[in-house]
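Below, chain A is the first sequence line, B the second, and so on; all start at residue 1.
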There are 2 protein chains.
Amino acid sequence: MSDAYYLRLTDHLRELLSGPEAFEEGRLPAERTLAERFRTTRVTLRQALAQLEGEGLIHRSNRRGWFVSPARLDYDPTRDAGFNDYVRAQGRRPRTEVLHTDTRPHRPAAEALGLPVDCSFHHIRRRRFVDDRAVLAESLWVVPARAPDLLQGDFAANSLWGELRSRWGLTLAHRSLRLYSEALAEREAAELGVAPGTAGLSVRRAIFDAQRRPVEYDEEHWLHDALCITVELENKA
Amino acid sequence: MSDAYYLRLTDHLRELLSGPEAFEEGRLPAERTLAERFRTTRVTLRQALAQLEGEGLIHRSNRRGWFVSPARLDYDPTRDAGFNDYVRAQGRRPRTEVLHTDTRPHRPAAEALGLPVDCSFHHIRRRRFVDDRAVLAESLWVVPARAPDLLQGDFAANSLWGELRSRWGLTLAHRSLRLYSEALAEREAAELGVAPGTAGLSVRRAIFDAQRRPVEYDEEHWLHDALCITVELENKA
DNA sequence: GTCAAAGTCTGGTCTATACCAGTTTGGCTT
DNA sequence: AAGCCAAACTGGTATAGACCAGACTTTGAC
């Protein structure tokens with residue numbers, strides 16, 4: 001326990017959250033109610049809430065309220081398991097919405113895959129849910145030569161990587177990952193129903209096949225408290 | 001550009017930061033000065049600063065001021081390269097301080113390595129700097145049977161993994177990583193000279209040798225804006 | 001019964017001000 | 001010249017209040 005009032009408030013709320021009752025329905029009372037109950041101002045109370053948000057214990061839905069965060073999803077970005085599979089494997093309910101598809105050049109994808117900046121990609125933009133909470137906004141750019149009529153498929157139900165393997169016989173051999181914390185931009189924030197600037201985690205992947213030909217580039221934007229990256233490795237130098 | 005004033009302020013400051021002049025010496029003017037210059041209050045100004053902090057563009061040193069953040073350090077936690085090596089390879093200046101060593105049981109280490117909870121480890125606590133900014137607080141727990149007189153070495157200058165290999169002939173074969181965003185606890189915050197609750201990234205590693213015997217468990221706490229995780233992978237299922 | 005409008009709830013943004021607590025500085029003492 | 005101490009400076013915490021904007025609920029007209 002610390003000296004600053006908002007830190008003691010944070011500790012207090014943390015206890016309530018971990019207690020048996022927690023808050024009904026996983027929803028916290030309104031800020032004004034909590035501020036009054038703890039005899040402080042909304043400003044100070046919000047400092048405590050922001051603290052807990054940073055710890056990943058609670059989150060907010062834009063102008064709707066504060067909610068208790070569920071356990072983080074374990075996610076291994078080095079594996080090809082489909083989102084639906086590993087979410088279900090953890091006893092959670094996955095859902096995917098395709099927001100947009102087109103075929104256009106995209107500079108970051110081209111650069112990451114070592115292609116000329118003006119070459120086109122099949123682009124899929126989608127939003128993914130765990131237990132009805134939107135936790136991930138992502139874009140995929142696939143090299144058309146590798147998967148010509150990709151955009152006719154059903155990207156929501158099927159694993160994209162499963163499709164690439166079964167329909168075009170692609171083996172995903174080499175991949176390059178970049179991963180860092182970010183503040184969600186307006187677009188991603190809107191898609192995930194959170195305030196712009198909310199803390200997020202960005203995962204970018206460039207994938208090549210067994211002949212080292214570029215296959216795909218993708219960019220994921222996760223809510224920071226929604227996941228725990230796990231990786232299992234054998235025998236690497 | 002957005003509607004809220006603090007967001008326009010954020011955009012404005014972001015431009016200044018990316019501009020040719022930036023701020024002299026990488027230090028921002030005092031909050032009171034900036035608030036006056038932009039004709040607003042410290043509260044609103046701090047909202048804008050917090051936004052930029054979340055983006056990793058600026059950071060603060062506890063009660064000293066705001067500073068322009070340097071480029072993120074590329075870091076591959078799946079490789080055994082020593083901190084000193086890869087920091088220097090990126091043209092930066094590494095430094096390490098050993099804060100504490102002892103030999104004690106540690107439950108999380110025992111659990112991660114699959115050992116009885118009461119078994120002891122050689123424990124090293126240290127703090128690491130990039131260009132004189134403390135960016136990482138870490139603890140290592142090494143199984144004594146693997147490296148009996150470990151604590152006599154010089155952990156600051158040498159790579160721990162190099163030591164394990166050269167002095168005890170260990171091959172680090174299997175490793176298990178967990179990685180997630182966190183709010184820095186009081187201890188880590190104090191060691192890194194930031195306010196408690198500052199956004200961080202936690203990396204935990206359990207490492208086993210070729211015979212699958214447990215070797216080491218470690219826990220790293222990074223400032224969130226100090227690093228970019230990069231991983232290169234070949235041929236994984 | 002449907003649906004749209006009005007009202008009420010929520011968090012989001014903002015002003016103005018005050019005092020606290022470490023850090024740094026600079027001048028004074030020795 | 002070295003060391004110490006006080007003042008000045010920094011961000012950190014807190015109060016009290018106001019209004020805005022989107023989400024939700026209720027009501028009432030059709």
Using atom CD of B/Glu186 as one end and atom P of D/dG12 as the other, report the distance to the nearest whole Å. 15 Å
How far apart are the closest heavy atoms of B/Trp141 and B/Ser139, and which atoms are they? CH2-CB, 3.3 Å
Per B/Arg63 side chain, nearest of listed nucleotides D/dG11, D/dT15, C/dG12: D/dG11
How about B/His12 and B/Phe38: are their ring centroids closer than 6.0 Å? yes
DNA chain D nearest-nucleotide lookup for A/Asn62 and A/Gln47: closer to the 5′ end is A/Gln47
Ranking C/dT13, C/dG11, C/dC20 by distance to the side chain of B/Tyr6, first place goes to C/dT13
So for atom CD, which belongs to A/Glu36, do other residues, nucleotides or ligands contribute more than 12 heavy atoms lying within a distance under 6.0 Å? no
Value in whole Å for how far the C1' atom of D/dA14 lies from CZ of A/Arg39: 17 Å
Distance test, side-chain N/O of A/Arg42 to OP1/OP2 of C/dG11, below 4.0 Å: no
Answer with base, sugar-phosphate or nothing: what part of the nucleic acid does A/Ser61 contact at a heavy-atom distance below 4.0 Å? nothing
Phosphate OP1/OP2 of D/dG12 contacted by B/Arg46 side-chain N/O (<4.0 Å): yes
Between D/dT15 and A/Thr44, is there an OP1 or OP2 to side-chain N/O distance shorter than 4.0 Å? yes
Using OP1 and OP2 only, check whether a side-chain N or O of A/Arg60 sits under 4.0 Å from C/dT10. no
Between atom CH2 in B/Trp66 and atom P in D/dG11, what is the gap in whole Å? 9 Å
Choosing from C/dT23, C/dC19, D/dA14, which nucleotide comes nearest the side chain of B/Arg32? C/dC19
Could you verify whether a donor N or O on one side chain and an acceptor N or O on the other, from B/His221 and B/Glu182, lie under 3.5 Å apart? yes
For A/Glu36 and C/dG11, give me the distance from atom CD to atom P, rounded to whole Å. 14 Å
Spacing between A/Arg8 atom CZ and D/dA14 atom C1', to the nearest angstrom: 12 Å
Is A/Thr41 close enough to D/dG17 that one of its side-chain N or O atoms is under 4.0 Å from OP1 or OP2 there? no
